[in-house]
J.: 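Can you keep this structure in mind? I'll have questions shortly.
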Amino acid sequence: MKITVICKRSLSLLTMISVVMLTWTSGSYAKTIKLNYSWFAPNSEAHYQVVQYFIKEIEERTQGRVKITYFPAGSLVGGQQAYDAVLKGITDIDFPVLAYTPARFPVCFAWDLPLGIKSSAAATRMMIESYEKFKPKELDGVKILYLWGSPPCQLQVKKEMTSMKDIVGRKIRCTGITAEFIRALGGTPVSLPMSGAYEALQKGVVEGTINSTNALKVFKLGELLGYEYEINALTVPFICVMNQKKWQALPADIQNIISEVSQECIPLETKVWNESSLEGRVFGEEKGMQFFKATPEMFKEIETVQPVLYQNYLDNLKKLGLEKEGKAFLDYLIAFSKSDKNK
């Protein structure tokens with residue numbers, strides 16, 4: 001009788017220990033994994049809505065085993081340092097703008113070229129397909145959570161234009177390839193981050209900018225500009241990246257959850273940015289801005305500078321010993337831009 005009681009108590013104790021151990025390894029007692037997510041733009045930017053979704057879904061699906069702290073507006077890492085900050089582990093996750101550091105991504109720089117991509121969805125398809133096909137080595141060293149392309153950037157100026165020749169001599173805020181684009185059209189590029197655009201327009205340092213329409217509201221540029229011309233100059237490539245060592249240290253089930261949520265963020269990015277662009281247009285109209293689709297003549301003038309920029313891209317890669325790789329990459333993007341996928 002005593003032996004039976006002792007055995008029952010031993011079994012009960014073992015059951016309790018098993019439950020505790022199971023809870024410890026897979027539940028609320030497991031050590032919380034803390035991650036930092038940084039970005040250069042303020043919370044008024046469309047991407048913040050995606051960040052909120054990303055954090056909420058990951059924390060809920062991991063049952064609190066992962067906690068993510070968000071640092072907006074460059075409070076942890078600036079836009080130009082974003083990619084290398086993830087690479088070095090200064091921050092765990094970021095959403096870099098490749099155009100801020102073009103020399104860092106010589107092959108992928110082709111994504112920034114004025115290819116005539118018509119939508120965010122098309123830009124994203126182009127990036128994903130070309131990355132999967134070519135796997136540029138310059139993107140090694142980090143875990144790519146997802147790639148995404150912005151809505152097309154438009155020309156926003158203080159004074160009215162009737163031809164692209166009217167840009168000659170005008171000072172236009174831009175970064176990366178847009179500087180070459182403006183220079184090829186005869187304008188004067190002024191390289192500035194978005195955070196400095198409003199003050200530069202206000203003080204007359206620049207007379208216009210090339211941005212997605214959402215910047216008119218997010219950065220209040222619609223208060224200072226008079227006209228936007230829909231020229232579909234180019235789209236801005238973004239990549240959501242995570243530090244490789246942090247990624248590799250995660251349990252497999254958490255990796256799967258993060259990957260799953262990341263893929264869900266791709267169409268969400270396009271949705272919220274398109275909505276944000278509409279809000280930017282409304283804001284601009286309320287401030288007296290006028291919006292025009294570029295004339296066929298304007299598009300022809302833009303087409304005349306495209307080959308020049310493509311050749312500049314290849315010439316730069318030749319110096320780096322990457323011309324063959326870059327030409328194949330660029331040819332693929334040009335073919336995409338002329339296909340039915342670009343819509």
Side-chain angles (χ1 to χ4, degrees), residues 22-79 82-83 85-87 89-97 120-121 123-124 127-128 142-151 194 212 214-215 217-219 236-280:
L22 181 62
T23 304
W24 180 267
T25 56
S26 63
S28 58
Y29 291 99
K31 183 178 179 181
T32 302
I33 298 168
K34 297 181 179 180
L35 300 173
N36 291 334
Y37 190 140
S38 58
W39 202 42
F40 73 93
N43 289 347
S44 55
E45 182 63 276
H47 178 59
Y48 179 56
Q49 297 178 51
V50 185
V51 172
Q52 288 179 304
Y53 178 85
F54 182 88
I55 292 174
K56 176 177 176 292
E57 291 299 315
I58 289 174
E59 291 185 350
E60 287 185 355
R61 296 184 201 184
T62 61
Q63 299 180 330
R65 292 163 63 198
V66 174
K67 293 290 183 183
I68 303 174
T69 302
Y70 183 53
F71 294 87
S75 55
L76 180 62
V77 175
Y83 187 88
V86 172
L87 191 67
I90 298 170
T91 186
D92 300 316
I93 303 169
D94 209 309
F95 193 60
V97 181
S120 171
T124 302
M127 289 178 65
I128 293 172
V142 297
K143 170 61 180 178
I144 296 180
L145 298 181
Y146 65 93
L147 301 105
W148 177 77
S150 77
M194 279 303 304
S212 175
N214 75 326
K217 180 178 181 180
V218 173
F219 294 94
V236 180
F238 291 87
I239 51 174
C240 187
V241 294
M242 183 174 178
N243 177 266
Q244 188 71 46
K245 290 182 179 178
K246 276 290 180 72
W247 171 260
Q248 292 173 341
L250 295 174
D253 64 320
I254 289 180
Q255 288 182 341
N256 290 337
I257 289 170
I258 293 176
S259 294
E260 181 180 66
V261 174
S262 295
Q263 291 307 300
E264 293 168 10
C265 287
I266 297 174
L268 184 57
E269 292 280 10
T270 294
K271 178 179 181 294
V272 300
W273 283 68
N274 284 343
E275 291 172 353
S276 181
S277 291
L278 289 174
E279 291 173 3

J.: May I have all residue pairs that pass salt bridge (Lys or Arg N to Asp or Glu O under 4.0 Å) and include part of residues 48-58, sequence neighbours excluded?
T.: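 Sorted result for residues 48-58: Lys56-Glu60, Glu57-Arg61.
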
J.: Which heavy atom of Ile90 sits nearest a heavy atom of Leu76, and at what distance?
T.: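 Nearest heavy atoms, Ile90 then Leu76: O-CD2, 4.4 Å.
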
J.: Considering residues at least two apart in sequence or located in another chain, which fulfil the side-chain contact (heavy atoms from CB on, under 4.5 Å) criterion with Ser259?
T.: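 With sequence neighbours excluded, Ser259 shows a side-chain contact (heavy atoms from CB on, under 4.5 Å) to Trp247, given in chain and number order.
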
J.: Rounded to the nearest 0.5 Å, what's the gap from CE on Met242 to CG on Leu250? Could you check?
T.: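 It comes to 4.5 Å.
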
J.: Can you tell me how far NZ of Lys245 sits from CG of Leu87, rounded to the nearest 0.5 angstrom?
T.: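 Between Leu87 CG and Lys245 NZ, I get 10.0 Å after rounding to 0.5 Å.
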
J.: Minimum heavy-atom separation for Lys217 and Gly280, please, with both atom names.
T.: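 For Lys217 versus Gly280, the nearest heavy atoms are CB-CA, 3.9 Å.
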
J.: Determine whether a donor-acceptor pair (N or O, by modelled atom type, separation under 3.5 Å) exists between the side chain of Ser75 and the backbone of Pro72.
T.: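 Present.
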
J.: Give me the atom names and distance for the closest heavy-atom approach of Trp148 to Ser120.
T.: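 Here Trp148 and Ser120 meet closest at NE1-OG, 3.3 Å.
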
J.: Is Trp39 reaching over with its side chain to a backbone N or O of Phe95, donor-acceptor style, under 3.5 angstrom?
T.: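 Here the side-chain-to-backbone pair exists.
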
J.: Quick one: does any side-chain atom of Asp92 pair with a main-chain N or O of Asn36 as donor and acceptor, under 3.5 Å?
T.: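 A pair under 3.5 Å: yes.
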
J.: Roughly how far, to the nearest 0.5 Å, is the CG atom of Asn43 from the CD atom of Gln49?
T.: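 If I round to the nearest 0.5 Å, the distance is 10.5 Å.
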
J.: Measure up the His47 and Tyr37 rings against each other and bin them: parallel (under 30°), tilted (30 to 60°), perpendicular (over 60°).
T.: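 The arrangement is tilted - the two ring planes meet at 30° to 60°.
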
J.: Using the side chain to side chain contact (heavy atoms under 4.5 Å, CB included) definition, which of the options Thr62, Ile68, Ile254 pairs with Ile33?
T.: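 Going through the options one by one, the only one that passes is Ile254.
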
J.: Answer yes or no: is there a donor N or O on one side and an acceptor on the other, between the side chain of Thr124 and the main chain of Gly149, under 3.5 Å?
T.: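 Between the backbone of Gly149 and the side chain of Thr124 there is a qualifying donor-acceptor contact (under 3.5 Å).
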
J.: Return the CD1 to OG distance between Ile58 and Ser262, rounded to the nearest 0.5 Å.
T.: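 Ile58 CD1 to Ser262 OG: 6.0 Å, rounded to 0.5 Å.
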
J.: Please step through side-chain contact (heavy atoms from CB on, under 4.5 Å) for the pair Asp253 and Arg65, ending with a clear verdict.
T.: CA-CA 11 Å; Asp253 64 320; Arg65 292 163 63 198; 2.7 Å; yes

J.: Kindly compute the distance separating CG (Leu145) from CZ (Phe54), expressed to the nearest 0.5 Å.
T.: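 Those atoms lie 5.5 Å apart.
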
J.: What are the two closest non-hydrogen atoms of Ser276 and Asn214, and how far apart are they?
T.: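 Closest pair (atom of Ser276, atom of Asn214, distance): OG-CB, 3.1 Å.
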
J.: Report the C-alpha distance between Glu269 and Tyr146 in whole Å, list the side-chain angles of each, state the deciding distance to 0.1 Å, and finish with yes or no for side-chain contact (heavy atoms from CB on, under 4.5 Å).
T.: CA-CA 11 Å; Glu269 292 280 10; Tyr146 65 93; 2.5 Å; yes

